[in-house]
Number of protein chains: 2
Amino acid sequence: MLNPIDILKEYCKNNSLRYTPEREIIVTEIYKKDGHFHIDHIFLRIRNNYPKLKLAKASIYRNIPHLINAGLIRESFYKDGHACYEHTLGHAHHDHIRCLKCGEITEFYNEYIDKTQQTICKQRKFQLLDHIHILLGYCEKCNKKKGAN
Amino acid sequence: MLNPIDILKEYCKNNSLRYTPEREIIVTEIYKKDGHFHIDHIFLRIRNNYPKLKLAKASIYRNIPHLINAGLIRESFYKDGHACYEHTLGHAHHDHIRCLKCGEITEFYNEYIDKTQQTICKQRKFQLLDHIHILLGYCEKCNKKKGAN
DNA sequence: ATATGTGCAAATGATTTGCTCGTGG
DNA sequence: CCACGAGCAAATCATTTGCACATAT
């Protein structure tokens, strides 16, 4: 049950969705590489790796909500408003540090911050479901290449 | 110098930008109401309040980066990828709590979270410039209206 | 005077949708 | 078999851009 494909199958069954080759390939491809991805990345990778399958980008778009529901991926955010995603499986909850120059994303997790968030929400009777927490700035590498902003 | 219009004038002067009525009106209108706004809101409010001025939405879009540079507004983020903004002046730094049902945004500030962020970045030699921190879930009101998701 | 800013309309680019056909159950 | 899912192309929608004219300096 720790296998993304198994989860997908289970999810389809439980939600009376069909288990299509497209869905399988999308999930397989997403889980091939670790880290963050964009719709476009996945689309191109599937185009390359399965040239015979004429997968439409729309199919990826249509399936993303299912994968999120299935708990297979999580939505992330770009400063410019574009979505990107990341795996959930075998991937503990964490937050992000993003370099505004090179775009590199690293992860961090701080228990105290998490607990504090929960406390804040409890005080306000707000039911916390999710959060976005991204630290923005310049990474060590980019900082060294003295930057014209 | 605590007046948004003065800051705008100063900023224009320092950056050899022209001080146009459009810029003045955009800033005035933005600072009329507190809280968050979308491009569209501001556009409509200007349309209503200054019917003779045929301001184009493009002019707002074109000026937003200047206002951010001038330190007059700050960019915020929506789960769906749409931008929204908020004043900076007389508005201490804070983070956001957003209801996924009604969209209501409230603010919070927690000093310890702020400090922890700084510590995390120091450890990683990451130069922290900004951050996004949004708590997502259901507000008290929406929670009571027992929700079909 | 003249470079910058503006309105307008057309372009863009990511995402969504309508439609028809293919196929998993 | 037949409802759901896919491909494709057209539609959307927020944002950006090109152009010609207006205007702040």
Side-chain angles (χ1 to χ4, degrees), chain A residues 5 8-30 36-47 50-70 72-73 75-85 103, chain B residues 5 8-29 36-47 50-70 73 75-85 103:
Chain A
I5 293 301
L8 176 63
K9 282 179 185 161
E10 194 64 16
Y11 176 79
C12 286
K13 193 184 297 174
N14 293 341
N15 296 275
S16 39
L17 298 171
R18 290 181 186 165
Y19 187 71
T20 64
E22 287 82 1
R23 283 178 176 152
E24 177 171 318
I25 284 174
I26 290 171
V27 169
T28 304
E29 202 52 43
I30 284 176
H36 301 76
F37 65 90
H38 295 261
I39 301 290
D40 237 45
H41 295 164
I42 292 302
F43 176 67
L44 291 173
R45 279 163 50 194
I46 292 177
R47 272 286 151 105
Y50 309 84
K52 17 194 163 171
L53 183 76
K54 302 191 117 228
L55 185 96
K57 211 182 273 185
S59 300
I60 303 181
Y61 279 112
R62 280 193 266 236
N63 277 306
I64 287 289
H66 287 136
L67 302 190
I68 292 175
N69 269 332
L72 283 165
I73 62 173
E75 199 168 41
S76 241
F77 306 92
Y78 266 113
K79 184 112 189 160
D80 64 10
H82 289 162
C84 77
Y85 304 88
Chain B
I5 293 301
L8 175 64
K9 282 179 184 160
E10 194 63 17
Y11 176 80
C12 287
K13 194 184 295 175
N14 294 340
N15 295 275
S16 40
L17 299 171
R18 291 181 184 165
Y19 187 72
T20 64
E22 287 82 1
R23 284 178 176 150
E24 178 171 317
I25 285 175
I26 290 170
V27 169
T28 304
E29 202 52 43
H36 301 76
F37 64 91
H38 294 262
I39 302 289
D40 237 45
H41 295 163
I42 294 301
F43 175 66
L44 292 173
R45 279 163 50 193
I46 293 177
R47 272 285 151 106
Y50 308 84
K52 17 195 162 169
L53 183 76
K54 301 192 118 227
L55 185 95
K57 210 182 274 185
S59 298
I60 303 180
Y61 279 112
R62 280 192 268 233
N63 277 306
I64 287 290
H66 287 137
L67 302 190
I68 292 175
N69 269 332
I73 62 174
E75 198 168 41
S76 241
F77 304 91
Y78 266 114
K79 184 111 189 159
D80 64 11
H82 290 163
C84 76
Y85 303 88

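Given the structure is predicted, the values throughout are model-derived calculations rather than measurements.
Atom P of nucleotide D:dA14 and atom CG of B:Leu44 are separated by 11 Å, given to the nearest angstrom. Rounding to whole angstrom units, NE2 of residue B:His41 and P of D:dT15 are separated by 11 Å. Atom CG of A:Leu53 is separated from atom P of D:dG5 by 16 Å (rounded to the nearest Å). At whole-Å resolution of the value, CD1 in B:Ile25 and C1' in C:dG5 are 14 Å apart. Atom C1' of nucleotide D:dA24 and atom CZ of B:Arg23 are separated by 10 Å, given to the nearest angstrom. Atom CD1 of B:Ile42 and atom P of D:dA14 are 16 Å apart (whole Å). As a whole-Å value, the separation of B:Asn15 CG from D:dT25 P is 14 Å. Atom P of nucleotide C:dG25 and atom CD of A:Glu24 are separated by 11 Å, given to the nearest angstrom.
Screening A:Ile39, A:Ile30, A:Leu72 against A:Tyr85 for a side-chain contact (heavy atoms from CB on, under 4.5 Å) leaves a single residue, A:Ile39. Just one residue in the list A:Ile60, A:Ile64, A:Thr20, A:Leu8 forms a side-chain contact (heavy atoms from CB on, under 4.5 Å) with A:Ile26, and that residue is A:Ile60.
Each of B:Leu55 and A:Ala58 lies near DNA chain C, and the nucleotide nearest B:Leu55 is the one positioned closer to the 5' end. Sequence order on DNA chain C of the closest nucleotides to B:Ser16 and A:Tyr19 puts B:Ser16 first from the 5' end. Nearest-nucleotide assignment on DNA chain D puts the 5′-proximal partner with A:Lys57, out of A:Lys57 and B:Arg18. Residue order along DNA chain D, read from the 5' end via each residue's closest nucleotide, puts A:Thr20 first among B:Pro21 and A:Thr20.
Comparing C:dT6, D:dG7, C:dG5 by their nearest atom to the side chain of B:Leu17 picks out C:dG5.
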Would you check, one step at a time, whether the test side chain to side chain contact (heavy atoms under 4.5 Å, CB included) holds for B:Leu67 with B:Arg23? CA-CA 9 Å; B:Leu67 302 190; B:Arg23 284 178 176 150; over 6 Å; no
I'd like to know whether A:Asn15 forms a side chain to side chain contact (heavy atoms under 4.5 Å, CB included) with A:Asn69, so could you lay out the CA-CA distance, the side-chain angles of the two residues, the decisive distance to 0.1 Å, and finally the verdict. CA-CA 10 Å; A:Asn15 296 275; A:Asn69 269 332; over 6 Å; no
So A:Tyr50 and A:Ile25, side chain to side chain contact (heavy atoms under 4.5 Å, CB included) or not? Walk me through it. CA-CA 9 Å; A:Tyr50 309 84; A:Ile25 284 174; 3.6 Å; yes
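For A:Arg62 against D:dG7, a side-chain N or O and a base N or O form a donor-acceptor pair under 3.5 Å.
If you check every strand for non-hydrogen atoms under 4.0 Å, B:Asp40 touches nothing.
A close approach under 4.0 Å does not occur between any side-chain nitrogen or oxygen of A:Tyr61 and OP1 or OP2 of C:dT16.
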